[in-house]
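Input: a single structure, listed below in structure tokens.
Convention: sequence-line order gives letters A, B, ...; per-chain numbering from 1. Bear in mind the structure is a predicted one, so any value in this text is a computation, not a measurement.
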Amino acid sequence: MERRAVERVRGTQDLWPADARQLEVVRRRLEEAFAGFGYRRMDVPVLEPAELHLRKSGLEIISKLYAFDDLGGRRLCLRPELTASVVRAFVAQPAPRLPVKVFSSGSVFRYERPSKGRYRQFTQSGVELFGASGALADAEIVALAMDALDRLGLVDYRVTIGHVGILGELLSKLGLTGRVRTQLLESLEETRRHGLDAIRGRLHELDPDLFDPLGDDPVERTLPAQSDGVGEEHVRASLTGLLSKMGAERLGRRSEGDIVERLLRKLRPQSHREAVERALEFMERLGGIRGEPREVLGAGRDLLQAFGLAAAPLESLDRTVHLLEAFGANFHRVQLDLGLSRGLQYYTGMVFEIDHAGLGAESQLCGGGRYDDLFRALGARAPIPALGFAFGVERVKLALEAEGRPSGEPRAADVFVIPGTPEYVPFAARVATTLRRAGKRVDLDVTGRPLKTSLNYADREGYSQVAVVGEAEARDELVRLRDMGDGREQALSLADLAREWPAEGARPPGGAQLPRAAEAGRGH
RNA sequence: GUGGCCGUAGCUCAAUGGUAGAGCACUGGAUUGUGGCUCCAGCGGUUGGCGGUUCGAGCCCGCUCGGUCACCCCA
């Protein structure tokens, strides 16, 4: 016989009743808020084709995916988040009418190094809103996330809102596409933490032509500086003109056309490089703009103007912020941060995070934003505007505890029924059942240990009432409910109790302050 | 993924390199079945695991597993 205990998988948790209950209460309150905004519950599988997440997620999440082959040879994964599954479900079977407002909760899995507030299996609870573009939808989503935390009585949280569309617009204007664009979008937040050189290094790995030292060729040095928006045809034309002026016969035997093409080839990386440099400069300045909404919007407009960009994303943010006020959000908890980028690459517009000061390193409670391109990426015929967010339920629980408002040990039941002696066990079972049918939560003592020990236990566990049933009770067909506070007893005849069943609106006298639905509907 | 700290009874923690302990919890008794207080006794350990150094390791060293803190990243 193997004596060594089987250990819990790293990064997972066993939740004993007090913690399990608290997590359940948190999740339920969040979901109540979602429902209060007209969102409906939807469930999606824990198992998904690995491809679903490989196609849409950033490298960071992909590298942490729990992926494996099932016995049928399918490449599967445990979901690392919920949004992709909900979108996949919609793409496979579109809802008859937009908009779609749904919420879902459940376990998600990421192979990360565990620490406090960071687990390999954790619970997300979030919403998705499909089919609405514009600031009102953006504001509703943020207001909903804040309302959910307010319902829980959380105080010390901070909402940070940004907009990745600003940088996206610049990159488009500079003609930056593909992996370089993706890399830059993902790096926005990194610029202020690690500086531009860190980003340059990463880009160089991606494309070695970027940030190579310039050659010494004097001709290359005199080439016209490439700036944004200048097409290759234009460059070819001006190069040809330049060569004519220099006198082509002095450049050897090659034809003018050959030379131009060769220079263009050398030039292409450089123009690319300069576009990237311009993007980096923009990112650095953008990243510095954060704080109180009005100031950020002002500074943002100045920057966009300096780079000749349309102010549309900022105006959208402006409207979102104003609508947030109209939603009655706690405005002093909101700040704007134009350098906020979020790691998931599929975000396209407004993005936001909610952090809590009491959590240390893993302080983010919630993250979300707009992901208008995700439907196309997952195979939808038409683009559908979409946005959403997810809470980390365990982190919200930790935040509540950090603010010193734990739910307290839940009382197991209202009444503890103790058989006085073994021979009255059947009668005790009958008493317990009668009380339950009369609407009480009843815990029957099944240990058979000495009465004194059981009473001691009942007292320490905090039962408000105890019923010891023995000879006298069995003879008279009654139960004596003893109040554990003042010791007074109340005799109830079983016949009277039975008449209450099924009693209309029977309510347990105590311990009902927590959601009743948590108990109902279990184990069926 | 990087660096630091920590792992001793169910829980919280002690123990100069020299016989593994306390409080709480649990079981029994004082009290011949009616709680909380008190007192007494009992149960409970491969000191996370494997290896090394040493006459001797909970303690020192290496690896490993787990936790935690700071990075990183995210929720």
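- Between B:G3 and B:A22, the distance separating the two P atoms is 41 Å to the nearest Å.
- With RNA chain B read from its 5' end, the first of the two nearest nucleotides for A:Glu473 and A:Gly117 is the one closest to A:Glu473.
- When heavy atoms are screened at a 4.0 angstrom cut-off, A:Phe109 is found touching no nucleic acid atom at all.
- Annotation: B:G33 and B:C26 have their P atoms spaced 22 Å apart (nearest Å).
- Using a 4.0 Å heavy-atom distance criterion, A:Glu112 is classed as a base contact.
- At most 12 heavy atoms of other shown residues, nucleotides or ligands fall within 6.0 angstrom of atom CZ in A:Arg40.
- In this structure, A:Gly485 and A:Ile354 both approach RNA chain B, and ranking their closest nucleotides by distance from the 5' end singles out A:Gly485.
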RNA chain B in dot-bracket, Watson-Crick or G-U pairs under 3.5 Å, [ ] crossing, | other strand?
(((((((..((((....[..)))).(((((.......))))).....(((((..]....))))))))))))....
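- Taking the P atom of each, B:U8 and B:G45 are spaced 15 Å apart, rounded to whole Å.
- For the side-chain contact (heavy atoms from CB on, under 4.5 Å) with A:Leu129, the lone residue among A:Phe389, A:Tyr39, A:Phe37 that qualifies is A:Tyr39.
- Partners of A:Thr83 by side chain to side chain contact (heavy atoms under 4.5 Å, CB included), not counting sequence neighbours, listed by chain and number: A:Glu81, A:Val87, A:Glu128, A:Tyr346, A:Tyr371, A:Leu374.
- Residues A:Leu317 and A:Leu338 have side chains in contact (heavy-atom distance under 4.5 Å, counting atoms from C-beta outward).
- In A:Arg158, the CZ atom is not crowded: 12 or fewer heavy atoms of neighbouring residues, nucleotides or ligands sit closer than 6.0 Å.
- Dashed line: the shortest gap from a side-chain N or O of A:Arg118 to OP1 or OP2 of B:G1 is not under 4.0 Å.
- A:Arg41 meets the salt bridge (Lys or Arg N to Asp or Glu O under 4.0 Å) test with A:Glu31; sequence neighbours excluded.
- Taking 3.5 Å as the limit, the base of B:C71 and the side chain of A:Glu362 contain no donor-acceptor pair of atoms between them.
- Taking only distance into account, the side chain of A:Arg8 never meets the base of B:C65 through a donor-acceptor pair shorter than 3.5 Å.
- For the C1' atoms, the distance linking B:U34 with B:G42 amounts to 25 Å, nearest Å.
- Taking the P atoms as reference points, B:C69 lies 35 Å from B:A57, given to the whole Å.
- Comparing the same atom, C1', in B:G67 and in B:C11 gives a spacing of 16 Å after rounding to whole Å.
- Set against B:G28, B:U34, B:G36, the side chain of A:Pro450 has B:G28 as its closest nucleotide.
- Listed candidates were B:U68, B:G33, B:G35. Nearest to the side chain of A:Arg113 is B:U68.
- Checking each of A:Asp459, A:Thr447, A:Val468, A:Val466 against A:Ser454 for a side-chain contact (heavy atoms from CB on, under 4.5 Å) leaves exactly one that passes, namely A:Thr447.
- Within the nucleic acid shown, A:Gly368 has no heavy atom closer than 4.0 Å to any nucleic acid atom.
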